[in-house]
S.K.: 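Just passing along the structure, written as structure tokens.
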Amino acid sequence: MSDNNLKKLMFIFGTRPEFIKVFPVIQEAKRRGNPLVIVNTGQHKEMLNDLLDYFKVEIDYDLKIMDHNSGLANIVASSIIGLDPIVKQEKPDLILVHGDTAATLAGGLVAYFNQIQLAHIEAGLRTYNKYSPFPEEMNRQMVGVLADFHFAPTELTRQNLLKEGKKEEIIFVVGNSAIDMFQYTLKDDYSHEVLSWQADKEMILITAHRRENLSEMEEIFEGIAEIADEFSETHKIIYPIHLNPAIREKAQKLLSHPNIKIIEPLDTVNFHNVMQHTKLILTDSGGIQEEAAQLGIPVLVMRDTTERPEGVEAGTLKLVGTKKENIVKETRKLLTDQKAYERMTESKNPYGDGTTSVQIMNIINEHQKKL
Ligand code: UD1
Ligand code: UDP
């Protein structure tokens, strides 16, 4: 039975990782009967549309802003211009954005321009380095200035927000909904051609896409090619490649090796299940750092900073930077030193128990008189 007092919620997202972590919250809001408006800026086309189909999410508005050559200013500007009339027409009681992308920033600004309350999911992650990750650090900080509800995944992220002067009563530590998503994706009985290709070897999973790493991709790929050579008797490398053409061009050139398989991005059900079967992950992704912590798979983070130090502290993640020598050295260590490897698998996931979306919706509905 729907409750007439439940507030109208507008979810705004535009990229694959936002959708993956917002989907469990949308499902929970639907279950409770809140009126919903779901807006996709369309920043990611192929990488997101298959997911929307698979999870049967009906999008109320798709701004279709993706354009292969657009820079950050264009992405943010076209998102803002597209979102503003929708917000004016729908007049939601609360807008929810997630994380640190262009859609997050545009959604946050449009909420502010229209004086609508804003909830920021996955709030408070910081490196305090303006250009790393770029532009995500500033996107997240700017939305943090605008938000009326901060859903922080951990105590450390709550502390960051408090240090910045945000009021205690609007910060809620709820874990990360990345963990909730596993209940929709993981399968006990799973098969995939990637696992057949792996055969009797162990698998290393690679992803790389960060804007600040684009000029370092040659180094990264040369390091990966060296690893493939050195461990060709024992390991295979799978690389679901991002659709950014700048990355594809370099990967095709530098990663031609019989033990490296470059494939199209996997949909998230397949990605999570393949991930579960891997020995080691090398990535510059944000979300994968959280997911691997839950699955107990060691991650070498090919970045100089991380806004997710909880995983480093817990022991699942290690920052290895983007220099070829270090990537090879740290990978070699984990593949040859069983004790070092086991230390990384024994750590505890710091991102909660998979109830983040329930907690978020409890808090929103408890506070609905304020909306
Ligand atoms: C964006 C986010 C980043 C997030 C990443 C997740 C911003 C500023 N950055 O970066 O925080 O980590 O998504 O993947 O919002 N492309 C396609 N089809 C797609 C998706 C991308 O062809 O479905 C290609 C396009 O040529 C596009 C390029 O990839 O121009 C880059 O995409 P863009 O959304 O600008 O940046 P990401 O690096 O994906
Ligand atoms: N992912 C996916 N298919 C892939 C690679 C990644 O579904 O081929 C998922 C992954 O499980 C995680 C999210 O995409 O939830 C991470 O996205 P990405 O690394 O592009 O962005 P970031 O998290 O760095 O913002």
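Just so it is clear, the model here is predicted, and its values are computed rather than measured. Counting starts at 1 for both ligands and their atoms, following the listed order.
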S.K.: Is there a nitrogen or oxygen of G287 sitting under 3.5 Å from a nitrogen or oxygen of ligand 2?
M.R.: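 Checking ligand 2 against G287, an N or O pair does fall under 3.5 Å apart.
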S.K.: Looking only at N/O atoms, are L266 and ligand 2 under 3.5 Å apart anywhere?
M.R.: yes
S.K.: Aromatic rings F231 and H235: how do their planes relate, parallel, tilted or perpendicular, breaks at 30° and 60°?
M.R.: perpendicular
S.K.: For a salt bridge (charged side-chain N to carboxylate O under 4.0 Å, His left out) with K324, tell me which candidate from E216, E218, E222, E219 qualifies.
M.R.: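 So the option named by the test is E222.
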S.K.: Tell me whether T268 has any N or O atom under 3.5 angstrom from an N or O of ligand 2.
M.R.: yes
S.K.: Identify the closest protein heavy atom to atom 20 (O) of ligand 2: which residue and atom is it, and at what distance?
M.R.: R16 NH2, 2.8 Å
S.K.: Taking D267 for its side chain and V269 for its backbone only, find out whether a donor-acceptor pair lies under 3.5 Å.
M.R.: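 Yes, D267 side chain to V269 backbone: donor-acceptor pair under 3.5 Å.
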S.K.: Are V143 and H98 side-chain neighbours, meaning at least one heavy-atom pair lies under 4.5 Å?
M.R.: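 V143 vs H98: side chains apart.
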S.K.: Would you please classify the geometry between the H367 ring and the F149 ring as parallel, tilted or perpendicular, with 30° and 60° separating the classes?
M.R.: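 Geometry flag for H367 against F149: perpendicular rings.
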S.K.: Taking only heavy atoms of P265, which atoms of ligand 2 are found under 4.0 Å from at least one of them?
M.R.: 8 (O)
S.K.: Test your reading of the structure: does D267 have an N or O sitting under 3.5 Å from an N or O of ligand 2?
M.R.: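 N/O-N/O distance under 3.5 Å: no.
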S.K.: For S285, take its heavy atoms, then give the atoms of ligand 2 lying under 4.0 Å from any of them.
M.R.: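 In order of number, 16 (C), 18 (P), 19 (O), 22 (P), 23 (O), 24 (O).
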S.K.: For R210 and ligand 2, answer yes if some heavy atom of the residue is under 4.0 Å from a ligand atom, otherwise no.
M.R.: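 Contact present.
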S.K.: Numbering the atoms of ligand 2 from 1, which are under 4.0 Å from a heavy atom of G286?
M.R.: 22 (P), 23 (O), 24 (O)
S.K.: Does either side chain, that of T283 or that of T207, offer a donor lying less than 3.5 Å from an acceptor on the other one?
M.R.: yes
S.K.: Could you tell me if the ring centre of F182 sits under 6.0 Å from that of H272?
M.R.: yes
S.K.: Keeping the roles fixed (side chain from D100, backbone from E137), state whether a donor-acceptor pair exists under 3.5 Å.
M.R.: no
S.K.: Just heavy atoms, cut-off under 4.0 Å: does I20 contact ligand 2 by side chain, backbone, both, or neither?
M.R.: side chain
S.K.: With atom 25 (O) of ligand 2 as the reference point, say which of A208, A178, P17 has the nearest heavy atom.
M.R.: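 Heavy atom nearest to atom 25 (O) of ligand 2 belongs to P17.
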S.K.: Parallel, tilted or perpendicular: which fits the ring planes of F23 and F55, with parallel below 30° and perpendicular above 60°?
M.R.: tilted
S.K.: If I compare all heavy atoms of M302 with all of N213, which pair ends up nearest, and what's the gap?
M.R.: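 M302 and N213 have their closest heavy atoms at O-ND2, 3.0 Å.
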S.K.: Would you kindly specify which portion of M181 sits under 4.0 Å from ligand 2, judged on non-hydrogen atoms: side chain, backbone, both or neither?
M.R.: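 Contact part for M181 vs ligand 2: neither.
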S.K.: For ligand 1, list every N/O pair with the protein closer than 3.5 Å, one pair per line with the distance.
M.R.:
| from | atom 1 | to | atom 2 | distance (Å) |
| --- | --- | --- | --- | --- |
| ligand 1 | 9 (N) | E136 | OE2 | 3.4 |
| ligand 1 | 11 (O) | E136 | OE2 | 2.5 |
| ligand 1 | 12 (O) | H209 | NE2 | 2.8 |
| ligand 1 | 12 (O) | R210 | NH2 | 3.1 |
| ligand 1 | 13 (O) | H44 | NE2 | 3.2 |
| ligand 1 | 14 (O) | H242 | NE2 | 3.3 |
| ligand 1 | 15 (O) | Q43 | NE2 | 2.8 |
| ligand 1 | 15 (O) | A102 | N | 2.8 |
| ligand 1 | 18 (N) | E46 | OE1 | 2.7 |
| ligand 1 | 23 (O) | K45 | N | 2.9 |
| ligand 1 | 23 (O) | E46 | N | 3.0 |
| ligand 1 | 23 (O) | E46 | OE1 | 3.3 |
| ligand 1 | 23 (O) | M47 | N | 2.8 |
| ligand 1 | 26 (O) | H68 | ND1 | 2.6 |
| ligand 1 | 29 (O) | N244 | N | 3.4 |
| ligand 1 | 30 (O) | H68 | O | 3.2 |
| ligand 1 | 34 (O) | Q43 | NE2 | 2.9 |
| ligand 1 | 34 (O) | H44 | NE2 | 3.1 |
| ligand 1 | 35 (O) | R211 | NH2 | 2.7 |
| ligand 1 | 36 (O) | R211 | NH2 | 3.1 |
| ligand 1 | 39 (O) | H44 | NE2 | 2.7 |
| ligand 1 | 39 (O) | H242 | NE2 | 2.9 |

S.K.: Is it the case that Q294 and E290 place a side-chain donor and acceptor less than 3.5 Å from each other?
M.R.: no
S.K.: Is the contact between M275 and ligand 2 made by the side chain, the backbone, both, or neither, using heavy atoms and a 4.0 Å cut-off?
M.R.: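 The answer is neither.
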S.K.: Which ligand 2 atoms, with their elements, are less than 4.0 angstrom from a heavy-atom of H272?
M.R.: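 Result: 11 (O).
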S.K.: Can you tell which of D304, T306, T305 makes a side-chain hydrogen bond (donor to acceptor under 3.5 Å, both in side chains) with S132?
M.R.: T305
S.K.: Would the distance check show the side chain of D60 and the main-chain N or O of V39 forming a donor-acceptor pair, the cut-off being under 3.5 Å?
M.R.: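 Looks like no, no N/O pair under 3.5 Å.
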S.K.: To the nearest 0.1 Å, how far is atom 15 (O) of ligand 2 from its closest protein heavy atom, and which atom is that?
M.R.: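 Closest protein heavy atom to atom 15 (O) of ligand 2: E291 OE2, 2.5 Å.
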S.K.: Tell me whether the NZ or CZ atom of K279 lies within the 45° cone about the ring axis of Y341 and under 6.0 Å from its centre.
M.R.: yes
S.K.: Please identify which atoms of ligand 2 are closer than 4.0 Å to at least one heavy atom of P240.
M.R.: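 Taking each heavy atom of P240 in turn, ligand 2 has 8 (O) under 4.0 Å.
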S.K.: Checking contacts here: is it the side chain or the backbone of H209 that comes within 4.0 Å of ligand 2, counting heavy atoms only? Could be both or neither.
M.R.: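 Answer for H209: side chain.
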